[in-house]
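In what follows, a single structure is set out as structure tokens and then discussed.
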Amino acid sequence: MNRPVFRETPTGLPGFRLWPDALDAAAQRALLEQVLTAAETAPFYRPVTPGGRPFSVEMTGLGPLAWVSDRAGYRYQPTHPVTGRPWPLMPQALLDLWDVLTNWPAPPDACLVNLYRGEARMGLHQDRDEADLTAPVLSVSLGDTAVFRIGAAEGGKTRTLKLASGDVCALTGPARLARHGIDRLLAGSSQLVPGGGRINLTLRRAR
Ligand code: MD6
Ligand code: FE
């Protein structure tokens with residue numbers, strides 16, 4: 001198989017890195033298949049905020065740890081909150097992508113998988129539950145295009161860009177604590193995810 005070439009696009013926000021179309025159609029299908037197979041043993045579930053509000057996205061995880069939210073708070077944990085079983089292994093394709101794109105000296109130890117259907121969205125937030133906030137967070141988008149909103153860590157103006165199936169982005173260095181979220185999906189923009197919608201995978205160094 002040909003080694004993929006990753007074409008990075010400038011974003012204008014230092015540390016926010018973007019590789020449009022990093023995964024071709026075949027790589028997207030292969031990764032989706034692995035995620036859906038993992039979801040047979042680690043099903044998508046709907047977390048609640050510490051205040052008890054259900055998320056509009058459903059979640060699962062891959063790798064040694066995954067991020068969870070419930071009445072007790074936000075944390076990384078080694079087991080699925082519903083089944084109590086360890087998270088499935090992180091696919092090698094994701095580990096390879098992390099290596100090539102981030103060049104970080106250690107592999108990711110957590111992958112959060114978000115499933116967006118219909119009107120699901122993700123409010124503006126910072127990813128700051130990780131032990132080492134200098135390690136990047138790498139994000140892979142599959143399925144329907146999303147309107148991604150991002151602004152500086154300190155607050156102020158935000159802007160939006162579209163994340164399409166196969167696009168990969170990363171929050172690194174000065175953008176590691178950037179505020180970001182998903183405003184909405186462009187329903188029907190991709191046929192990749194059975195039943196429609198979008199899956200986002202974020203790879204992290206949790207510990
Ligand atoms: C999403 N992404 O794309 C939500 N976090 O569905 C994130 O929350 C995110 O894209 C950290 C780094 C990159 C991201
Ligand atoms: Fe995030």
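By convention here, the first residue in the shown sequence is residue 1. Every number for a ligand or one of its atoms is a count from 1 in the order of the listing.
- Geometrically, ligand 1 and His180 share a nitrogen or oxygen pair separated by less than 3.5 Å.
- Between His125 and ligand 1, an N or O atom pair is found at a separation short of 3.5 Å.
- Looking only at distances, no side-chain donor or acceptor of Asp109 sits under 3.5 Å from a matching main-chain atom of Pro64.
- Near Asp127, meaning under 4.0 Å from one of its heavy atoms, ligand 1 places the atoms 5 (N), 11 (C).
- Side chain of His180 to main chain of Leu124: no donor-acceptor pair is present (N/O by atom type, distance under 3.5 Å, no hydrogens or angles).
- For ligand 1, the polar-atom distance check against Asn114 finds no nitrogen or oxygen pair separated by under 3.5 Å.
- Protein N/O/S atoms nearer than 2.8 Å to the Fe ion (ligand 2) total 3.
- Residue contacts with ligand 1 for Arg198 involve side-chain atoms from C-beta outward but no N, CA, C or O (heavy atoms, distance under 4.0 Å).
- For Ser139 (side chain) and Thr202 (main-chain N/O), no donor-acceptor pair under 3.5 Å exists by modelled atom type.
- Per-residue contacts place Asn200 under 4.0 angstrom from the following atoms of ligand 1 (heavy atoms of the residue considered): 1 (C), 2 (N), 3 (O), 4 (C), 6 (O).
- Side-chain polar atoms of Arg179 and Thr158 form no donor-acceptor pair below 3.5 angstrom.
- Judged by distance alone, with hydrogens and angles left aside, the side-chain atoms of Ser69 form a donor-acceptor pair with the main-chain N or O of Val48 at under 3.5 Å.
- Counting only heavy atoms of the protein, atom 6 (O) of ligand 1 lies nearest to Tyr116 OH, 2.5 Å.
- The shortest contact between atom 10 (O) of ligand 1 and any protein heavy atom is with Ser139 OG, 3.1 Å.
- The salt bridge (charged side-chain N to carboxylate O under 4.0 Å, His left out) analysis of residues 136-149, with sequence neighbours excluded, yields the pairs Arg149-Asp183.
- Aromatic ring orientation, Trp87 versus His80: tilted (interplanar angle from 30° to 60°).
- Ligand 1 places these atoms under 4.0 Å from at least one heavy atom of Phe148: 10 (O).
- Between Arg205 atom CZ and Leu138 atom CG the span is 14.0 Å, to the nearest 0.5 Å.
- A donor and an acceptor atom, one from each side chain of Asp96 and Gln92, are located under 3.5 Å apart.
- Ligand 1 places these atoms under 4.0 Å from at least one heavy atom of Thr202: 5 (N), 9 (C), 14 (C).
- Judged by distance alone, the side chains of Tyr76 and Glu130 do bring a donor and an acceptor atom under 3.5 Å apart.
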